[in-house]
Amino acid sequence: MSSLIHIFDDNKFYTRLILLILIELGNFYLLESPLNIMITAIEVVVVMSLMIRKDYPSALIFHVIFCLTGCDATSASSDAQLFSYPEIKLIGPLTLSYILLGMLWFANRKKTIQAPKDSLLWGVRKLMSFFLIYGTGIGVLGLLIFNYRLNDFITAFIYIFVGYLYVDIFSRNYDDNYLHKCKNAAMSLLLTAPIVSFISYFLLNIRVSYSVFDALVFNEEFIMGAILILILFTDVKYKVAYMVSLTLYIVCLVIAGRGGFFLSLLICFLVLIYFTYFVPNSILKYTKYLRIIFPIFVIVGGSAIVSFFLSIEGGQSLAGNKVMELISLLEALFTIGSTGFTLTDISDSPYIRVAEVLNILDNGIRDPLGLIFGHGFGGVYTDSTGLFRNVDVSIGGFPLEIINSGRYGTAHSFLPNTLLFNGLIGTYMLLKKGFMYLKNIKYSPLCFAGYFLFLYSFYFNTSLFLAAAFALYAAEYDIKKYSNVNN
């Protein structure tokens, strides 16, 4: 059984690719079907068998693979009953995958921390430790004294606790050979995700409802698809496969993409421009050609892309709708100082996100200590600005009882959530870590996962945390190879 880990060797590229595609397609095809338990049962047997044999490194990598080739509720439908490996539930929020994660953590506790103190991974472990201790401590006080809601506390606590367990396990498995296998696994997961989503949507007609639109089914690896662009500018093998995957990713976005996906593409191009013109020594290749191509691409390609989306009536497709929302937000940012600007000029979805941030900041004016240090897990904010009165916040996923109470315990993006739970101090620490990873893209394109984790999705869901954290863990192989990074 332990020989299964050899599928992540360099010479097993196509075997690995086919296996991952078949697993993902099986999970997508059986989406919301109890028959998906059959796939989950096989995956559980594989992981448990490896743990019984005490082959914990192999059990860990397959546990990660099975978590990231399944679907969770945020990737499919928020009210879906799913039976995939990461989602099948036991009691309340406790899933089978969490039980297996706990078993892996206890098994790895005998190992010492192998990640060096000057590594980026060590810094992530420190950050998660701080958030876990600090957020839990203040949150417990809030439960006892300030009448925090238990469900709000549990949701934030689980995210940080599960994230800490993963990062702690990764920090205890740091030898070069294992990191190399994990790098191959992470690259293959990124490669297969767009292929499977394309096949599911266009060939198998597997779709879910998103508001009034048909949306494609995707997993968390698909969310990070912009990394494929950076990978193509390195000396990666099987470049054609990555080009095909990136093409399918863009096709999927044009048809049924969401706003955050387009934003990540924009950020990725800005990163490429920065490294092309200002960072001469990096693993990104072909920069001399990029210096010529970029101005042409920005003028011609940018105009064509904008014209294409402007020609789409916002209500006709999910992609068009989300791009129009993103454009309305960007327009607001650039015209915020003008006399004719009001927040209601923004579309409802980005409006709610902006209103959340402003409400938390406005609450902080009345409670400066809460703004600086955060309210811990379970902390709440109120609509002190009155901005929520201008929009139906139920479309943002807030339950009616929460709206009636006027005490909101969650938000829709990483910034307001981090401000609420960890304050300005925690937000600064998160932003610093995110930009630190962006700087290290010169050593590994997988470092762009730092954007998705620390600057985009923190407190979103544990599956996306795992996808990004695993990519950052795998990036340690190239970081160790090319440079000693001071954290």
Side-chain angles (χ1 to χ4, degrees), residues 72-74 78-79 87 89-95 98 127-165 349 352-364 366-367 369-385 387-388 391-427 429-430 453-454 456-466:
D72 63 29
T74 56
S78 59
D79 58 354
E87 279 295 296
K89 295 185 183 299
L90 299 179
I91 302 173
L94 185 65
T95 66
Y98 291 166
L127 179 69
M128 296 304 296
S129 300
F130 173 78
F131 274 30
L132 179 61
I133 296 171
Y134 188 77
T136 302
I138 298 180
V140 169
L141 289 177
L143 287 171
L144 297 174
I145 301 174
F146 299 109
N147 198 29
Y148 283 5
R149 285 186 291 261
L150 182 60
N151 284 343
D152 292 338
F153 174 89
I154 290 174
T155 300
F157 171 80
I158 287 178
Y159 179 89
I160 296 297
F161 182 59
V162 169
Y164 168 78
L165 293 183
S349 180
I352 291 175
R353 286 157 173 77
V354 172
E356 289 168 347
V357 175
L358 294 178
N359 272 322
I360 292 171
L361 292 175
D362 189 67
N363 283 198
R366 296 163 174 79
D367 179 17
L369 289 179
L371 179 61
I372 295 172
F373 298 103
H375 297 275
F377 304 149
V380 297
Y381 62 98
T382 62
D383 182 27
S384 58
T385 63
L387 292 172
F388 282 171
V391 67
D392 181 7
V393 293
S394 65
I395 65 174
F398 290 113
L400 186 60
E401 60 269 24
I402 300 298
I403 298 173
N404 291 335
S405 74
R407 300 171 73 242
Y408 300 88
T410 187
H412 288 82
S413 61
F414 88 97
L415 181 57
N417 276 321
T418 310
L419 283 171
L420 178 63
F421 301 140
N422 309 108
L424 291 172
I425 293 176
T427 302
M429 295 170 67
L430 203 67
L453 180 55
F454 301 114
Y456 173 71
S457 71
F458 207 74
Y459 284 115
F460 178 58
N461 71 23
T462 54
S463 294
L464 187 50
F465 184 101
L466 173 58

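Given the structure is predicted, the values throughout are model-derived calculations rather than measurements. The figures here come from the full heavy-atom set of this structure, side chains too, leaving out hydrogens, waters and symmetry mates.
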J.: Could you state the interatomic distance from CD1 (I145) to CD1 (I138), rounded to the nearest 0.5 Å?
T.: 11.5 Å
J.: Quick one, L371 and N363 - any side-chain contact, counting heavy atoms below 4.5 Å?
T.: no
J.: Atom CD in E356, atom OH in Y381: separation rounded to 0.5 Å?
T.: 4.0 Å
J.: Run through F458, Y164, F465, F454 and flag the one making a ring-ring contact (aromatic ring centres under 6.0 Å, His included) with F131.
T.: F458
J.: Test your reading of the model: is there a side-chain donor-acceptor pair from D152 to the backbone of T410, 3.5 Å cut-off?
T.: no
J.: Check whether any side-chain heavy atom of L132 sits under 4.5 Å from a side-chain heavy atom of F157, and report yes or no.
T.: yes
J.: With a 4.5 Å cut-off on side-chain heavy atoms, are Y134 and I425 touching?
T.: no
J.: With rounding to the nearest 0.5 Å, note down the distance linking CD1 in I160 to CE in M128.
T.: 4.0 Å
J.: Could you list the residues that satisfy side-chain contact (heavy atoms from CB on, under 4.5 Å) with I154, not counting sequence neighbours?
T.: P93, L150, I158
J.: Heavy-atom count around F161 CZ within 6.0 Å, excluding the residue itself: above 12?
T.: no
J.: State whether the side chain of D383 and the backbone N or O of F388 hold a donor-acceptor pair below 3.5 Å, judged by distance alone.
T.: yes
J.: Give every donor-acceptor pair under 3.5 Å between a side-chain atom in residues 413-423 and any protein atom, sequence neighbours left out.
T.:
from, atom 1, to, atom 2, distance (Å)
N417, OD1, A411, N, 3.0
N417, ND2, A411, O, 3.2
N417, ND2, S413, O, 3.2
T418, OG1, F414, O, 2.6
N422, OD1, Y459, OH, 2.7

J.: Strictly distance-based, threshold 3.5 Å: is any side-chain N or O of R407 a donor or acceptor partner for the main-chain N or O of R149?
T.: no
J.: Are the side chains of L143 and F377 in contact, using a 4.5 Å heavy-atom criterion?
T.: no
J.: To the nearest 0.5 angstrom, please state how far the OG atom of S405 sits from the CZ atom of F398.
T.: 10.5 Å
J.: Any side-chain donor-acceptor pair under 3.5 Å between T385 and D362?
T.: no
J.: Measure the CG-OH distance between L165 and Y98 for me, rounded to the nearest 0.5 Å.
T.: 10.5 Å
J.: Nearest 0.5 Å, please: how far is OH in Y408 from CG in N359?
T.: 8.5 Å
